[in-house]
Novice: 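Got a structure for you, written out below as structure tokens; questions coming shortly.
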Amino acid sequence: VTVEVPDRAACAALDAADPLAHCRDRFVLPRGLVYLDGNSLGALPRAVRAAVDSVIDHEWGHDLIASWDDNGWWDAPVVVGDVLAPLLGAGPGQVVVCDSTSVNVAKQVEVALTMRPGRDTIVTEIGNFPTDRYLVDAIAARRGARVVAVPRAEVVEAMGERPAVVVLTHVDYRTGEVHDLRAVTEAAHAAGALTLWDLSHSAGAVPLALDDDGADLAVGCGYKYLNGGPGAPAYVYVAARHQVDLPSPLPGWVGHADPFAMEDAYRPADGVRRLLVGTPPILALAAFGAALSVFHGVAMADLRAKSLALTDLFIDLVEARELPVTLATPRDHHRRGSQVSLRHPAAPEVMDRLIAAGVVGDIRPPDILRFGFAPLYVRYVDVWDAADALATILTTGRP
Ligand SMILES: *Cc1c(COP(=O)(O)O)cnc(C)c1O
């Protein structure tokens, strides 16, 4: 099959007409680098440095401990959570920024099992992100629950197992395949189960509508498409309707109704705040909060349209050159996240050479070359250059 593909000049014209082109200036990006790994570590937003400097100079460096109240440190997890919420399709009061994704998965699995007494099954998918699997398995073992792990295509069928909770990653980290969040959630509800969605590879690049889709619980990562920085705090979402009797999975003092009363017994804070455990990481929250400003004025529909255009372009360019790779990412727009994965038996060597040529993606074992397309800073010419570099490597003998 021969595909009609644009040349580099046509890609430059696409950039010139791109309604999101100006957003690239909101990031610090090394000159000459094609960065297609924003799904693993998002680029540095320019606004981060000033925000962190300000906390250091004026708050920590001057106001010291008064900052917990005067500079809003105590409320930062919920304030940043409410800034993030629209990117998840969530109304206010349902998202807090805290801990790591791994810890949040553990907390939310505990929440779900406690909210469904009398049920002892967790449904998840084979090939789910390792931390999600390890934690589900460990919590199930500790609580005497059962894990039913099925292939992606059989998740809805597995609702017949009467699960307490269905734990899934919305966008598969290997292939970029997207679950139909609404349909799976509806199937789970019809079976009396809760859903726990891991949004690590979705938020910031793939539109989400947690409230409208009826989601129950969710978690996700702050340092991928959300650009919160290495080890950025993660987030949890709890639908408002579940917050009244929300269990406290790890009842630390920061999730207490009145932490400074220093009471002997735990009393839960209202709402999603009770998922907080310990003292919030203020410098990291300042960085994350500032990082979210890159989404100001960006329509999700534009973001999604550009993401699909970039991934379409990359797929077309690779196919037009008839390169010896197999597409692992769905072609169907409804099933594709913001990445393109290509299988090649020598993936590690190919990626080493690509990185040496200034095109940064990554690999996932055994044979996946993974390219993430962050729509706010990846250009059409970057896609063209990446495909060109890949073609050069794959058609010049080595490896
Ligand atoms: C990146 C990622 C994580 C990361 O978890 P950490 O606790 O931040 O290390 C978890 N789940 C998924 C699906 C991810 O893609």
Side-chain angles (χ1 to χ4, degrees), residues 36-43 77 80-81 84 87-88 95-112 122-139 147 149 152 155 165-179 181 184 195-206 208 210 215 217-237 249-250 275-278 280-281 284-285 287-288 291 307 328-329 336-341 361-365 368 370-374:
L36 303 181
D37 217 357
N39 54 332
S40 208
L41 177 64
V80 180
L84 169 61
L87 291 175
L88 310 182
V95 179
V96 290
V97 173
C98 57
D99 301 314
S100 63
T101 308
S102 300
V103 171
N104 288 332
V105 167
K107 283 156 40 181
Q108 296 278 54
V109 171
E110 296 277 3
V111 163
I122 303 171
V123 165
T124 189
E125 65 182 298
I126 295 170
N128 197 352
F129 192 84
T131 207
D132 301 58
R133 271 312 300 278
Y134 304 156
L135 289 160
V136 161
D137 288 351
I139 293 167
V147 178
R152 190 157 255 249
V155 162
V165 59
V166 182
V167 183
L168 298 170
T169 298
H170 181 228
V171 175
D172 186 280
Y173 73 103
R174 282 202 182 90
T175 63
E177 182 176 352
V178 187
H179 270 296
L181 194 151
V184 174
T195 51
L196 166 50
W197 290 102
D198 187 330
L199 308 173
S200 292
H201 281 278
S202 319
V206 176
L208 291 161
L210 294 184
L217 309 170
V219 299
C221 182
Y223 52 78
K224 292 170 181 164
Y225 293 116
L226 295 175
N227 315 302
Y235 56 90
V236 292
Y237 162 91
L250 275 178
L275 292 199
L276 296 178
V277 183
L285 277 161
F288 193 6
S307 159
T329 298
R336 190 195 307 158
S338 202
Q339 77 189 56
V340 174
S341 296
D362 60 22
I363 53 162
R364 285 297 176 263
I368 285 186
R370 194 173 72 153
F371 302 92
F373 296 84

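Just the heavy atoms: all of them, side chains too, but no hydrogens, waters or symmetry mates, feed the values below. Counting starts at 1 for both ligands and their atoms, in listed order.
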Novice: Could you tell me whether the side chain of S202 reaches within less than 4.5 Å of the side chain of H179, counting heavy atoms only?
Specialist: no
Novice: Just wondering, do T124 and D132 contact through their side chains at under 4.5 Å, heavy atoms?
Specialist: no
Novice: Are T101 and T131 close enough that some pair of their side-chain heavy atoms sits under 4.5 Å apart?
Specialist: no
Novice: Heavy atoms, side chains only, cut-off 4.5 Å: are L275 and Q108 in contact?
Specialist: yes
Novice: Mind checking whether V206 and Y225 have side chains closer than 4.5 Å, heavy atoms only?
Specialist: no
Novice: Can you pull the residues with any heavy atom under 4.0 Å from ligand 1?
Specialist: S100, T101, S102, F129, T131, D132, T169, D198, S200, H201, Y223, K224
Novice: Would you call N39 and D37 a side-chain contact if the rule is heavy atoms closer than 4.5 Å?
Specialist: yes
